[in-house]
Amino acid sequence: MAQAEFSAEELAQGDALFRSAWEFVLSAPSHEFLPPMRGLEVAFAGRSNVGKSSLINALVGHRGLARTSNTPGRTQELNYFRHPRRDVFIVDMPGYGFAQAPKEKVAAWTELVKGFLRGRQNLARVFLLVDARHGLKAVDEEIMALLDTAAVSYQAVLTKADKVKPHELARVIGSVEEKLATHAAAYPFLIVTSSETGLGIPDLRAATAQLLAERGA
Ligand code: GTP
Ligand code: MG
């Protein structure tokens, strides 16, 4: 288990993939609004407020593409973005584990997220975002167990690395890696990011390009 490292060529491929202007496609509040399964999808999952929408904006280099907020529970639908010329989609998901929201809302988001992760056949990978200040929580492990069972490949991405001191970051990386090693469908490389400083964004782009190349997309 280690942090991902990419060659100059892989980084260039990632850069090329995200140089184009990605577009908003649709917002699905429930399963019946999902687009037909076509091409490949990459989903961003994680606890409420972990920084999913911000990371997508950093990735595509467009601050306002996905809506972000200081308050948890901003993203309430499955939001689709696509590459302008390829059948490749990024899915921004509602967060899970937001205890302060009304019970019915939490239940609806959780059902939407779990149903999607379990049953989407063209889902090539899930980026599982983990706040660098907090590490993995029980609710993350529940999602990881679901992904293991559904055999959906996922990769852990630490967010908000700018908010922690280097020694604290090293400690969290160690503890996340240790837990990942016990999960069958977890990708063995962790990516450390900050949407604020741009740390790890080229790596995340390269990881996405590499994945699409592997899948022949
Ligand atoms: P939900 O849609 O509510 O689940 O949240 P989300 O996971 O999409 O989080 P979002 O991107 O809306 O970000 C939540 C808050 O964290 C916002 O105030 C962001 O500005 C902040 N944030 C996100 N990424 C970073 C980061 O890398 N560093 C710092 N310092 N703040 C960040
Ligand atoms: Mg969001």
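When a ligand or atom number is given, it counts from 1 through the structure's own listing order.
- Each of the following atoms of ligand 1 lies closer than 4.0 Å to a heavy atom of Asp162: 26 (C), 27 (O), 28 (N), 29 (C), 30 (N).
- Nearest non-hydrogen protein atom to atom 19 (C) of ligand 1 is Ser54 OG, 3.8 Å.
- When Ala66, Ala45, Gly51, Ala58 are checked for heavy-atom proximity to atom 9 (O) of ligand 1, Gly51 turns out nearest.
- Of the candidates Leu17, Leu65, Leu55, Leu65 is the only one forming a side chain to side chain contact (heavy atoms under 4.5 Å, CB included) with Val60.
- Residue Pro94 has no nitrogen or oxygen atom sitting less than 3.5 Å from a nitrogen or oxygen atom of ligand 1, judged on distance alone.
- In summary, the atoms of ligand 1 found under 4.0 Å from a heavy atom of Lys52, numbered by their order in the structure, are 1 (P), 4 (O), 5 (O), 6 (P), 7 (O), 8 (O), 9 (O), 11 (O).
- With respect to the salt-bridge test (charged N to carboxylate O, under 4.0 angstrom), the residues Glu196 and Lys160 do not qualify.
- In terms of protein heavy-atom proximity, atom 25 (C) of ligand 1 is nearest to Lys160 CG, 3.6 Å.
- Annotation for ligand 1: atoms under 4.0 Å from non-hydrogen atoms of Ser53 are 8 (O), 11 (O).
- Counting protein heavy atoms only, atom 18 (O) of ligand 1 is closest to Asn70 OD1, 2.7 Å.
- The protein atom (non-hydrogen) at minimum distance from atom 1 (P) of ligand 1 is Asn49 N, 3.7 Å.
- For Tyr154, there are no ring pair (Phe, Tyr, Trp, His ring centres under 6.0 Å) partners, not counting sequence neighbours.
- Taking the six-membered ring for Trp, His83 and Trp22 have ring centres closer than 6.0 Å.
- In terms of protein heavy-atom proximity, atom 27 (O) of ligand 1 is closest to Ser195 N, 2.8 Å.
- Each of the following atoms of ligand 1 lies closer than 4.0 Å to a heavy atom of Thr75: 1 (P), 2 (O), 3 (O).
- Looking at ligand 1, you won't find any N or O of Met93 less than 3.5 Å from one of its N or O atoms.
- Any N or O atom pair closer than 3.5 Å counts here, and Arg74 shares at least one such pair with ligand 1.
- When each atom of ligand 1 is checked for a heavy atom of Gly95 under 4.0 Å away, the hits are 4 (O).
- Near Ser69, with a cut-off below 4.0 Å to any heavy atom, the atoms of ligand 1 are 12 (O), 13 (O), 14 (C), 15 (C), 17 (C), 18 (O).
- Remark: Glu168 does not engage Lys165 in a salt bridge, criterion side-chain N to carboxylate O under 4.0 Å.
- In this structure, Leu190 and Glu177 have side chains that are in contact, with non-hydrogen atoms separated by less than 4.5 Å.
- Within the cation-pi definition used here (under 6.0 Å to the ring centroid, within 45° of the axis), Arg47 does not qualify as a partner of Phe98.
- Within the 4.5 Å cutoff, the side chain of Leu117 has heavy atoms near those of the Met93 side chain.
- Less than 4.0 angstrom separates some heavy atom of Pro72 from each of these atoms of ligand 1: 3 (O).
- Of the N and O atoms on the side chains of Glu41 and Tyr80, at least one donor lies less than 3.5 Å from an acceptor on the other residue.
- Protein N/O/S atoms closer to the Mg ion (ligand 2) than 2.8 Å number 2 in this structure.
- Counting only heavy atoms from C-beta outward, the side chains of Trp109 and Glu111 never approach each other to under 4.5 Å.
- Taking the charged nitrogens against the carboxylate oxygens, Asp87 and Arg38 do have a contact shorter than 4.0 Å, which makes a salt bridge.
- Side-chain contact between Val91 and Arg120: absent, with no pair of heavy atoms (C-beta onward) separated by less than 4.5 Å.
- At a threshold of 4.5 Å between side-chain heavy atoms, the hydrophobic network of Ile, Leu, Val, Met, Phe, Trp and Tyr places Leu158 and Ile143 in one connected group.
- Within ligand 1, the atoms closer than 4.0 Å to a non-hydrogen atom of Gly73 are 3 (O), numbered from 1 in the order shown.
- Between Lys163 and Asp131, no side-chain nitrogen of the basic residue sits less than 4.0 Å from a carboxylate oxygen of the acidic one, so the salt-bridge criterion is not met.
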